[in-house]
Amino acid sequence: MRSKQSRRTFLQNTVGTSGAIAIVGLLPAAAAPHFILKYASSLADTHPLNVRVREAAASIMRETKGRVELKMFTNGQMGGDTDMLSQIRAGGIDFFPVPGAILSTLVPVAAIDSVGFALKSYAQVWAAMDGELGGHIRGAIAKTGLVVMERIWDNGFRQITSSSRAIKVPADLKGFKIRVLTSTLWTSMFKALGAAPTSINFNEVYSALQTKVVEGQENPLAIIKASRFNEVQKYCSLSSHIWSGFWFLSNGGSWARLPADVREIVARHVNAAALAQRRDVAALNANLETELTAHGLAFNRPDPHAFQTALRKAGFYAEWRGKYGEVAWSLLEKYAGKLA
């Protein structure tokens with residue numbers, strides 16, 4: 001009896017781990033290992049993305065017969081998006097849905113879908129992101145050693161909220177202190193429109209709005225509601241100035257250590273969840289204006305063409321065409337139409 005116990009203790013103490021992925025316990029020889037994978041998101045636990053990831057995690061657990069467990073850390077528990085991008089590269093987390101603007105600090109072309117006032121409808125967005133433009137971006141991501149799932153998740157068209165004034169025409173943005181993601185593209189766009197953008201981690205935005213460090217922010221309606229920004233903002237301009245999505249990333253080493261059948265199961269459920277989440281956001285957006293109006297936000301609909309014209313005159317499109325290069329820019333214009 002002592003010999004068996006000693007052998008078990010020795011084996012448990014010498015099982016190695018790398019990154020956040022772990023083989024847990026001492027399993028019978030015929031059993032498959034049990035992989036615990038760490039998922040992190042800055043979004044609220046109730047956001048449609050995290051709701052669908054949780055469902056996918058349950059489906060993965062069932063289909064793998066308990067071999068894979070996805071532990072979820074939402075609400076920015078693992079830090080801001082910039083921090084988590086570093087963590088997934090280092091293996092501190094295994095899965096992370098990253099906004100293209102944040103990923104662009106590592107993969108510049110990842111933010112091309114967020115060129116201001118370019119993609120104007122969901123028909124254009126999904127044609128582009130499930131088509132050649134999305135394929136071009138995924139190819140660039142793969143070169144970093146990260147693994148990216150095929151389907152991009154919907155963050156939505158971004159709208160501008162404010163505590164000081166409604167944004168109706170480009171001139172209303174002059175001197176406007178607005179929080180934006182850490183992105184040279186987005187900062188460049190708002191500066192071209194005369195605003196004063198500043199980058200603040202998402203988990204600090206509510207406080208920054210409450211204390212008037214910034215006057216406003218820009219996010220899709222689903223995030224405005226989930227994050228309760230309506231409590232510290234008065235106006236919402238439905239500018240739809242940028243569409244943005246989340247690329248579902250995996251640490252390359254963690255992914256490679258999963259058996260091939262497990263990788264197929266995980267990818268299939270994650271991609272199916274992305275499509276379901278897109279439908280969720282569409283349904284949610286249909287009612288959010290009414291809900292947020294009832295909670296005190298005053299809405300207006302600015303003319304997007306006036307803003308696009310202002311950006312063209314400021315040289316914004318010409319500048320970013322030069323930065324992204326002709327191949328990527330031509331793919332964007334294939335779906336968005338002529339910009340520069």
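Atom CG of residue Asn75 and atom NE2 of residue His47 lie 11.5 Å apart, to the nearest 0.5 angstrom. In this structure, CD on Gln233 lies 6.0 Å from CD on Gln217, to the nearest 0.5 angstrom. Atom CZ of Phe202 is separated from atom CG of Asp81 by 8.5 Å, given to the nearest 0.5 angstrom. One distance of note links CD of Glu55 with CD1 of Ile60; it measures 12.0 Å at 0.5 Å rounding. With rounding to the nearest 0.5 Å, the separation of CD1 in Ile167 from CG in Leu173 is 4.5 Å.
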Applying side chain to side chain contact (heavy atoms under 4.5 Å, CB included), run through Val109 and Trp329 and close with a yes or a no. CA-CA 10 Å; Val109 77; Trp329 195 263; over 6 Å; no

Could you please spell out the steps behind the side chain to side chain contact (heavy atoms under 4.5 Å, CB included) verdict for Ser114 and Leu185? CA-CA 8 Å; Ser114 295; Leu185 172 64; 4.1 Å; yes

Give the C-alpha distance, both sets of side-chain angles, the deciding distance and a yes or no for side chain to side chain contact (heavy atoms under 4.5 Å, CB included) between Phe248 and Val98. CA-CA 6 Å; Phe248 200 100; Val98 61; over 6 Å; no

Pair Val270, Trp153 - check side chain to side chain contact (heavy atoms under 4.5 Å, CB included), show working. CA-CA 10 Å; Val270 167; Trp153 298 58; 4.0 Å; yes

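Using a 3.5 Å distance cut-off with no hydrogens or angles, the side chains of Glu215 and Ser162 do not pair a donor with an acceptor. Inspection of the Ser237 and Ser239 side chains reveals no N or O donor paired with an N or O acceptor under 3.5 Å. Side chains of Thr161 and Glu218: no donor on one and acceptor on the other come within 3.5 Å. Residues Ser59 and Arg62 have side chains that bring a donor and an acceptor to within less than 3.5 angstrom of each other.
Not one N or O on the side chain of Ser227 forms a donor-acceptor pair closer than 3.5 Å with the backbone of Ile224. Checking side-chain atoms of Lys338 against main-chain N and O of Ala340 turns up a donor-acceptor pair under 3.5 Å. Within the 3.5 Å criterion, the main-chain N or O of Leu339 finds a donor-acceptor partner in the side chain of Glu333. Although no hydrogens or angles enter the test, the distance criterion places a donor-acceptor pair under 3.5 Å between the side chain of Gln87 and the main chain of Met78. For Arg138 (side chain) and Glu150 (main-chain N/O), a donor-acceptor pair under 3.5 Å exists by modelled atom type. Of the possible polar contacts, none joining the Ser207 side chain to the Glu204 backbone as a donor-acceptor pair under 3.5 Å is found.
In this structure, the side chains of Phe316 and Leu193 stay at 4.5 Å or more apart for every pair of heavy atoms. Residues Leu106 and Leu146 have side chains in contact (heavy-atom distance under 4.5 Å, counting atoms from C-beta outward). Side-chain contact between Val107 and Thr144 is present, with at least one heavy-atom pair separated by less than 4.5 Å.
Hydrophobic clustering of Ile, Leu, Val, Met, Phe, Trp and Tyr side chains at less than 4.5 Å, counting indirect connections, unites Leu292 with Leu238. Cluster annotation: Ile223 and Val232 are assigned to the same hydrophobic cluster (Ile/Leu/Val/Met/Phe/Trp/Tyr, side-chain heavy-atom contacts under 4.5 Å, transitive). Hydrophobic clustering (side-chain heavy atoms under 4.5 Å, transitive across Ile, Leu, Val, Met, Phe, Trp, Tyr) groups Leu221 together with Tyr206. Phe229 and Phe299 fall within a single hydrophobic cluster, where Ile, Leu, Val, Met, Phe, Trp and Tyr side chains are chained together by heavy-atom contacts under 4.5 Å.
Across every non-hydrogen atom of Tyr324 and Ala111, the tightest pair is OH-C, 3.6 Å. Counting all heavy atoms, side chain and backbone alike, Leu133 lies closest to Ala328 at CD1-O, 4.2 Å.
Using a cut-off of 4.0 Å between Lys/Arg side-chain N and Asp/Glu carboxylate O, Asp45 and Arg54 are scored as salt-bridged. The pair Arg278-Asp130 meets the salt-bridge criterion, with a side-chain N (NZ, NE, NH1 or NH2) lying under 4.0 Å from an Asp/Glu carboxylate O. Ionic pairing of Lys71 and Asp94 is not present here: no N-O contact between side-chain nitrogen and carboxylate oxygen is shorter than 4.0 angstrom. Ion pairing between a basic and an acidic side chain is recognised when a charged N comes within 4.0 Å of a carboxylate O; Arg301 and Glu289 show such pairing.
Ring centroid separation for the pair Phe157 and Tyr122 comes in under the 6.0 Å cut-off. Separation of the Tyr39 and Phe96 ring centroids does not fall under the 6.0 Å cut-off. Between Trp186 and Phe190, the ring centre distance reaches or exceeds 6.0 Å.
Cation-pi geometry between Lys38 and Phe73 is met: under 6.0 angstrom from the ring centre, within 45 degrees of the axis. A cation-pi arrangement is absent between Arg158 and Trp243, since the terminal nitrogen or guanidinium carbon is not both under 6.0 Å from the aromatic centre and inside a 45° cone about the axis. Relative to the six-membered ring of Tyr235, Arg165 misses at least one condition, a distance below 6.0 Å or an angle of at most 45° to the axis.
The aromatic rings of Trp255 and Phe95 sit perpendicular to each other, their planes meeting at more than 60°, with 30° as the lower class boundary.
Ser244 pairs with exactly one of Asn219, Asp154, Asn155 by the side chain to side chain donor-acceptor pair (under 3.5 Å) rule, that one being Asn155.
More than 12 heavy atoms of other shown residues, nucleotides or ligands fall within 6.0 angstrom of atom NZ in Lys120. Counting non-hydrogen atoms of neighbouring residues, nucleotides and ligands closer than 6.0 angstrom, the CZ atom of Arg268 exceeds 12 such neighbours. Around the NZ atom of Lys313, the shell of radius 6.0 Å holds no more than 12 heavy atoms that belong to other residues, nucleotides or ligands.
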